[in-house]
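Below: one structure, written as structure tokens.
The chains referred to below are lettered A, B, ... by the order of the sequence lines, with proteins before strands, and numbering in each begins at 1.
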Amino acid sequence: MRRLSRQSAEGNQHLTVPAAVNDELRSLRARVPHLTGALVASVDGFVLARDAATSEAEGIAALTAVALGVGIRLAEVTGQGGFRELLVRGEQGYVATYAAGASAVVTVLAQPSVNVGRLHLEARRSTVRVAELVDAALAQSDKP
Amino acid sequence: MASNIEPILKDAMTSIEGAIGVALVDYTSGMALGTIGGGKDLDLTVAAAGNTDVVRAKVRTMEMLGLKDEIEDILITLGTQYHLIRLLNKRQGQGMFLYLALDKARANLAMARHQLKGYEGELEV
């Protein structure tokens, strides 16, 4: 997993991703009923894209990075291989985080009534597209 | 009580003529508790999630119609397959259904439906 943010005189600069990432989030929300929010975050906790309805995206992205750190370690230590996804079920709903390539994750919020099976299928599909877009944007930004 | 999901699914797959795939699905989550058969032409994980929406839609429709009744089973007839959804009764597994995909050319629908009902009675989740 690689960090996307860079320290500069102005503070943290992070990657701008193409609008297609937002389109993918919108499409995910349209495909899965009972979602209450969706965002794309860098693995170091910055919001790269968010669905319009997602409030507190910065906080969620930052917490996602912390949970991700534990998730990655836990998978590693127990011999389960690379990180794929994380599902938290609260009394009032779900928070799910899916790896999207090596540098980003898709985090989704859902009501308790969500079809988790469908959420997994559709979110995994979305991460493939998001990973392509983020990796392409990253390759672009690496060029001098 | 120990669960007998796996042996029941295995038995259904071998004894029901024309069975292509069987799954026990929790429709509160859309996730399968057990699957057998399927393959690249029939992804049972996708079928579990998709048919959860089918069951939920029907439950909602009945509520809207004011029907105070319960769904026993749902039959979907395709060109080459039958898909049978059998809801478990409250005692065994609230919010669960058995899903059976059959090859239309080899299956006996009446027999398959009867057998599926039998498995419903034996199942301990």
Shared hydrophobic cluster, [X] / [Y] (ILVMFWY, side-chain heavy atoms < 4.5 Å):
| X | Y | answer |
| --- | --- | --- |
| I85(B) | L42(B) | yes |
| Y99(B) | Y82(B) | no |
| I20(B) | I16(B) | no |
| L87(B) | L98(B) | no |
| Y94(A) | M31(B) | yes |

Segment of [X] engaging chain A (4.5 angstrom heavy-atom cut-off):
| X | answer |
| --- | --- |
| T28(B) | backbone |
| D53(B) | both |
| V25(B) | neither |

Q: Give, for atom OG1 of T45(B) and atom CZ of R118(A), the distance between the pair rounded to the nearest 0.5 Å.
A: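 Reported to 0.5 Å precision, the distance equals 12.5 Å.
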(Q) Which residues in residues 109-117 of chain A have any heavy atom closer than 4.5 Å to a heavy atom of chain B? (A)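 Expected list: S113(A), V114(A), N115(A), V116(A), G117(A).
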Q: Answer yes or no: does atom NZ of K104(B) have more than 12 heavy-atom neighbours from other residues, nucleotides or ligands under 6.0 Å?
A: yes
Q: Assess whether atom CZ of R29(A) is packed by more than 12 heavy atoms of other residues, nucleotides or ligands within 6.0 Å.
A: yes
